[in-house]
Amino acid sequence: MSHSGAMLAEVAANVRSQRRRPFVWFGLIAYFLLAIGDTVQAGWSASGGAWINGADAISTRAIIYSLLSVLVAAGVVGEPFARDRTGRVSGTVLTTGASRVALSLSRFVVALGVVLLSGLLFIPGVMIGTLAPGIAPEYVGPLDLSHYTLAAASFIIPNFFLMAALTFAVSARTQSIAAGYAAGVAFVAGWVTLRMLLGQDVLRHEVFATYALLDPFGSIASTQFVMGQTVAANNTVFPPLQGLLLANRLIWMTAAVGLVALGVIGFPMRERAPRLARRRKEQASRLGRLVARTPKPGVVARLAIWELGAIVRAPGAKLVLALLALTLWWTAASAVTHQFSLPSTDLLVHNTGFYFDKILVLIVVWVAGDLIWRERAHDVDSIMDALPVRDGLVYLGKMIALIAIVFGVWAVSILVNLSYQAAKGYYDFELWLHLTDTYVFKAPYYVFLAVLALSMQVIIRQRFVAMGVVLAVYLSEVLLDAIGVYHPMFRYGRASFFWYSLMDGYGHFVRAHVWMLAYWTLGAATLGVLGWAAMTRGSNPPSRRVLVRQRLTTPFGSAAMAGCLLGFVGVGGWIWYQSTVRAPWPPIDPDWLKAEVERASGPEWRGVRQQR
């Protein structure tokens, strides 16, 4: 067969493979629905004179959706290269006689097509979203197809291509989805750090041009034109592809082409030596022997330690940890500006929370999937399935390991922040505040998210679909904002909405925080029990419905589920009574406050020309 014929045959085979994958369809539908929901949310909560389908709104959405390409790139681009190893068909594929280019590039081209299609679905999604009922006509501008075309050309296609090329370069070499995902998370972490260093409320214009070129997604460069325009101009004028934005796009597209070349060169044309596979089987066998000799109360601890060790040894784990420490240092540096000249503990912890709100979510979602699917991917599932322990203990060990990862990452943040304070000569460490604000007020949300992520992996039994569901829950707050639902009872895991004050600490909010912690602890425990009921091992697991019914009808299962569920409903009812019946909700009505300001200041300032 000719080179072109082999290439076309590989392309056709990969098209059939991707078309059969549930995650591909889930990703396409999810991006389409996300665009619709985000547009509807923007319309329902719109204020001022900005159009929800204006040039600035469309460009902003294109950049935000680009950040979410990490998951779809790992699941779509990384999977074909890991499939040979996990399916134990590497030798068979290599004996087909196809060249390195045909084998690697055909997979990438097909996967890239899927990735780009998922990103481009934001165009019909936004168009449909503007038609939703309840959106005031003054917030919807005329349809201008050029805005969507420019958004696709300037942001969607380049950014999705860049993330796909990065995943390709890493996954083709390592034959690991995890390594490709880790590289993508590192990219996003670098972008978040860059944005924080540039300034959150006040931009550092002396470094603006440099950071604009370093930004892989083009978000900083695009603001070069937006900052100096009126709201009306931002509605109708799309950021032109010139100046810093053009230079940025050329730099990162060149980098993306180079990554594709690295992916082709790095694609292995020989079957990997079985040393790593043998080592993993030896480690799994040793775990089996240790578990057999461990007293029953210590089995869960033994399993949790094994899981933690496996996570640390995973491809890319050490790289992510090193980059995490490095970016946390620069995140601490971004807290010190002309507004805040000292690296005080309250500023550093707040900045860390802002940083982790994006990065730690991606880490938790991925590690949860890795904990459930790793044994099968590494061909040690038969050994792990044969462990003489109950499924529930295995599940508990994985849950403890995931929560330990959350606590460990926050511990790294404390160490980095303390080191930064010492390096800058600031010795008022306030260690108690580091620990309290971290582990009492900020870390619990990620613990609750970890329980959700692991439970969804067990219940859904589709790795990337479960990850998508968890991210949908995380992003649901945007929709809740749009419909005016602000109560933390309806925002999964959210127990705190306040900062530490240098004047009165946490004030009277501590009591409310404790009640919300109890509420979401019981809610997460309910999900955990449901995950325990669905947990199973083996290559042919029984039906989830049958398994859940069997376990939840046992004395332990029924008592655990009833206790957690009743406690969750009871505490929730008490919080609702105290916060909405005995007190006004919301505590401050924003519409009333705006009306009062307008009533007081309107006669003096209405009609007076204001500065831009």
*Asks:* Once you round to the nearest 0.5 Å, how far does CZ of Phe32 lie from CD1 of Ile123?
*Replies:* 12.0 Å
*Asks:* Tell me whether the rings of Phe267 and Phe81 are parallel (<30°), tilted (30 to 60°) or perpendicular (>60°).
*Replies:*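 Aromatic pair Phe267/Phe81 classed perpendicular.
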*Asks:* Arg61 and Asn53: side-chain donor and acceptor closer than 3.5 Å?
*Replies:* no
*Asks:* So, do Leu112 and Phe160 sit near enough that their side-chain heavy atoms are less than 4.5 Å apart?
*Replies:* no
*Asks:* Find out whether Phe161 and Pro158 are in side-chain contact, i.e. whether some heavy atom of one side chain is under 4.5 Å from a heavy atom of the other.
*Replies:* no
*Asks:* Are any of the side-chain heavy atoms of Phe168 and Arg107 separated by less than 4.5 Å?
*Replies:* no
*Asks:* Checking Ser219 against Trp191: is there a side-chain donor and acceptor pair closer than 3.5 Å?
*Replies:*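 Yes, a side-chain donor-acceptor pair sits under 3.5 Å.
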*Asks:* With no hydrogens and no angle check, is any side-chain donor or acceptor of Tyr486 less than 3.5 Å from a backbone partner on Leu480?
*Replies:*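 Pair absent, no side-chain N/O of Tyr486 close to backbone of Leu480.
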*Asks:* Does the structure place the NZ or CZ of Arg463 under 6.0 Å from the centre of the six-membered ring of Trp366, at an angle of no more than 45° from the ring's axis?
*Replies:* yes
*Asks:* Would you call Asp215 and Arg195 a salt bridge, using N to O less than 4.0 angstrom?
*Replies:*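 Salt bridge between Asp215 and Arg195, a charged N being under 4.0 Å from a carboxylate O: no.
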*Asks:* Can you label the angle between the Tyr65 ring and the Phe122 ring as parallel, tilted or perpendicular, going by 30° and 60°?
*Replies:* perpendicular
*Asks:* Has Gln18 got a side-chain atom pairing as donor or acceptor with Val114's backbone, closer than 3.5 angstrom?
*Replies:* no
*Asks:* Would Tyr445 and Trp520 count as a close aromatic pair, with their ring centres under 6.0 Å?
*Replies:*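 Ring-ring flag for Tyr445/Trp520: false, centres at least 6.0 Å apart.
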*Asks:* With a 4.5 Å limit on heavy-atom distance, are the side chains of Val485 and Glu477 in contact?
*Replies:* no
*Asks:* Any side-chain to backbone donor/acceptor pair from Trp252 onto Gly218? Under 3.5 Å, distance only.
*Replies:* no
*Asks:* Phe464 versus Arg21: any side-chain heavy-atom pair under 4.5 Å?
*Replies:*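 The answer is yes; the side chains approach within 4.5 Å.
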*Asks:* Measuring from atom CG of Asp38 to atom CG of Leu33, what distance do you get when rounded to the nearest 0.5 angstrom?
*Replies:* 12.0 Å
*Asks:* Please answer whether the main-chain N or O of Thr236 pairs with a side-chain N or O of His147 as donor and acceptor at a distance below 3.5 Å.
*Replies:*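 Confirmed, His147 side chain pairs with Thr236 backbone.
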*Asks:* Within the side chain of Ser118, is there an N or O that forms a donor-acceptor pair under 3.5 Å with the backbone of Val115?
*Replies:* yes
*Asks:* Rounded to the nearest 0.5 Å, what separation is found between the CD1 atom of Ile372 and the CG atom of Asp370?
*Replies:*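 It comes to 10.0 Å.
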*Asks:* What is the distance from atom CG of Leu321 to atom CG of Leu326, rounded to the nearest 0.5 Å?
*Replies:*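 Result: 11.5 Å between the selected atoms.
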*Asks:* Drop me the distance from Ile63's CD1 to Leu68's CG, to the nearest 0.5 angstrom.
*Replies:*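 The CD1 atom of Ile63 sits 12.5 Å away from the CG atom of Leu68.
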*Asks:* To the nearest 0.5 Å, what is the distance between CD on Gln224 and CG on Leu245?
*Replies:*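 Between Gln224 CD and Leu245 CG, I get 8.0 Å after rounding to 0.5 Å.
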*Asks:* Consider side-chain contact (heavy atoms from CB on, under 4.5 Å). Of Leu162, Leu67, Val70, Thr167, which one does Phe187 pass it with?
*Replies:*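 Of Leu162, Leu67, Val70, Thr167, side-chain contact (heavy atoms from CB on, under 4.5 Å) with Phe187 is met by Leu162 alone.
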*Asks:* Should Asn235 and Asp56 count as side-chain neighbours, where that means a heavy-atom distance under 4.5 Å?
*Replies:* no
*Asks:* Are Tyr181 and Ser171 close enough that some pair of their side-chain heavy atoms sits under 4.5 Å apart?
*Replies:* no
*Asks:* Ignoring hydrogens and geometry, is there a side-chain-to-backbone donor-acceptor pair from Asn248 to Ala212 under 3.5 Å?
*Replies:* yes
*Asks:* Does any N or O in the side chain of Arg494 come within less than 3.5 Å of the main-chain N or O of Met489, such that one atom is a donor and the other an acceptor?
*Replies:*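 Side chain of Arg494 to backbone of Met489, a donor-acceptor pair under 3.5 Å: no, none is there.
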*Asks:* Between Glu138 and Trp51, is any side-chain donor less than 3.5 angstrom from a side-chain acceptor?
*Replies:* no
*Asks:* Is there side-chain contact between Val364 and Val409, with heavy atoms separated by less than 4.5 Å?
*Replies:*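 No. Closest side-chain heavy atoms not under 4.5 Å.
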*Asks:* Taking all non-hydrogen atoms of both residues into account, name the closest pair between Tyr492 and Ala524 and its distance.
*Replies:* OH-CB, 3.9 Å
